[in-house]
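Model, not experiment: these values are computed from the prediction. Heads up: numbering here begins at 1 and tracks the sequence.
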Amino acid sequence: MTAELSDAVAKARSGDEDAFRFLYRSLQPGLLRYLTALVGADAEDVASETWLQISRDLPSFTGGEFRAWAVTIARNRAMDHLRRQRRRPSLPVPVQALTDLAGDADTEERAGESIGTEAALALIATLPPREAEAVLLRAVIGLDAETAGRVLGRRAGAVRTAAHRGLRRLAELLEQRGREADQSPAVADDAVPPHPRRELRRRTPRAEPADG
């Protein structure tokens with residue numbers, strides 16, 4: 001946790017509203033992406049519940065990694081929400097947007113760099129749950145493997161492995177979408193049918209002049 005974030009946490013615990021707003025602005029974008037992959041369109045509602053609990057429990061925060069504490073609250077709220085809804089996490093994949101992610105750079109690196117886009121988040125939601133959460137916590141929230149492991153109740157090595165596998169799967173999906181985009185049939189110039197009248201004139205033999 002950066003010194004600036006630590007200072008804001010300390011001030012927010014004492015009731016500083018500006019400090020709390022700073023915490024919100026710093027964490028909300030990542031939390032929202034994380035929750036979007038977990039609960040889809042209900043992410044905003046779950047994020048609101050998360051910040052209500054953070055606000056209520058912040059005075060009792062005893063220190064440590066604030067981001068991990070906040071993410072743990074968000075994850076618990078998301079799991080409660082899914083239990084209430086009795087459905088699995090889902091997010092529709094906007095296929096038309098995936099072709100924009102294709103490129104010539106290293107695919108695994110590109111998968112990580114594209115992680116904040118809606119299309120990439122949609123792809124993450126298709127990963128096995130363990131890999132999806134590991135990628136989100138490492139690449140979106142920015143937690144190290146040890147801290148992410150504490151959030152998920154897993155060993156740091158297992159989180160690293162899951163995140164690596166998840167990024168590799170994303171890279172393969174991005175490559176596949178790129179190939180599909182490259183192979184889209186294009187209309188060649190010679191494939192365009194000629195104008196009917198020009199074609200008719202070309203095929204109709206010209207009348208020979210009569211002998212005088």
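Of the inter-residue distances, the one linking D42 atom CG with R77 atom CZ reads 14.5 Å to the nearest 0.5 angstrom. Of the inter-residue distances, the one linking E49 atom CD with I54 atom CD1 reads 12.0 Å to the nearest 0.5 angstrom. Interatomic distance, CD of E175 versus CZ of R179, reported as 6.0 Å (0.5 Å rounding). Taking CZ of R165 as the start and CG of L170 as the end, the distance is 14.5 Å to the nearest 0.5 Å. The line from CD of Q53 to OG1 of T72 is 10.5 Å long, rounded to the nearest 0.5 Å. Here the CZ atom belonging to F20 is positioned 6.5 Å from the CG atom belonging to L58, to the nearest 0.5 angstrom.
Residues T126 and L173 are in side-chain contact: their nearest non-hydrogen atoms beyond the backbone lie under 4.5 Å apart. Put simply, the side chain of E4 does not reach to within 4.5 Å of the side chain of D7, judged on heavy atoms. Contact of the Y34 side chain with the E133 side chain is registered, since non-hydrogen atoms from C-beta on lie closer than 4.5 Å. Within the 4.5 Å cutoff, no side-chain heavy atoms of R33 are placed close to those of I141.
Residues A68 and L143 come closest through the heavy atom pair N-CD2, 4.1 Å. Closest heavy-atom contact between P29 and Y24: CD-O, 4.3 Å. Taking both residues in full, the closest heavy atoms of L23 and A8 are given as CD2-CB, 3.8 Å, listed atom of the first, atom of the second, then distance. Closest non-hydrogen pair, A132 versus I124, comes out as CB-O, 3.5 Å. For A70 against L31, the heavy-atom pair with the smallest separation is O-CD2, 4.4 Å. Between S26 and L5 the shortest heavy-atom distance is CB-CD1, 4.4 Å.
Counting heavy atoms of neighbouring residues, nucleotides and ligands inside a 6.0 Å radius, atom CZ of R13 exceeds 12 of them. The environment of E44 atom CD is sparse: at most 12 non-hydrogen atoms of other residues, nucleotides or ligands sit within 6.0 angstrom.
Screening residues 141-156 for salt bridge (charged side-chain N to carboxylate O under 4.0 Å, His left out), with sequence neighbours left out, gives E146-R160.
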### Message
side chain to side chain contact (heavy atoms under 4.5 Å, CB included), that's the test. Do L152 and R75 meet it? Break it down for me.
### Response
CA-CA 9 Å; L152 299 173; R75 186 174 190 268; 3.5 Å; yes
### Task
Start with the C-alpha distance between T161 and H164, add both sets of side-chain angles, then the distance that settles side chain to side chain contact (heavy atoms under 4.5 Å, CB included), and finish with yes or no.
CA-CA 5 Å; T161 299; H164 176 74; 5.8 Å; no
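Shown here are the side chain to side chain contact (heavy atoms under 4.5 Å, CB included) partners of P128, two or more places apart in sequence or in another chain: E131, R169.
Hydrophobic cluster membership differs between L32 and M79, with clusters built from Ile, Leu, Val, Met, Phe, Trp and Tyr side chains linked at under 4.5 angstrom. Transitive grouping of hydrophobic side chains (ILVMFWY, heavy atoms separated by less than 4.5 Å) brings L35 and L82 into a common cluster.
The aromatic rings of F61 and W69 sit tilted relative to each other, their planes meeting at an angle between 30° and 60°.
The backbone N or O of L52 lies less than 3.5 Å from no partner atom in the side chain of S55, so there is not a single donor-acceptor pair.
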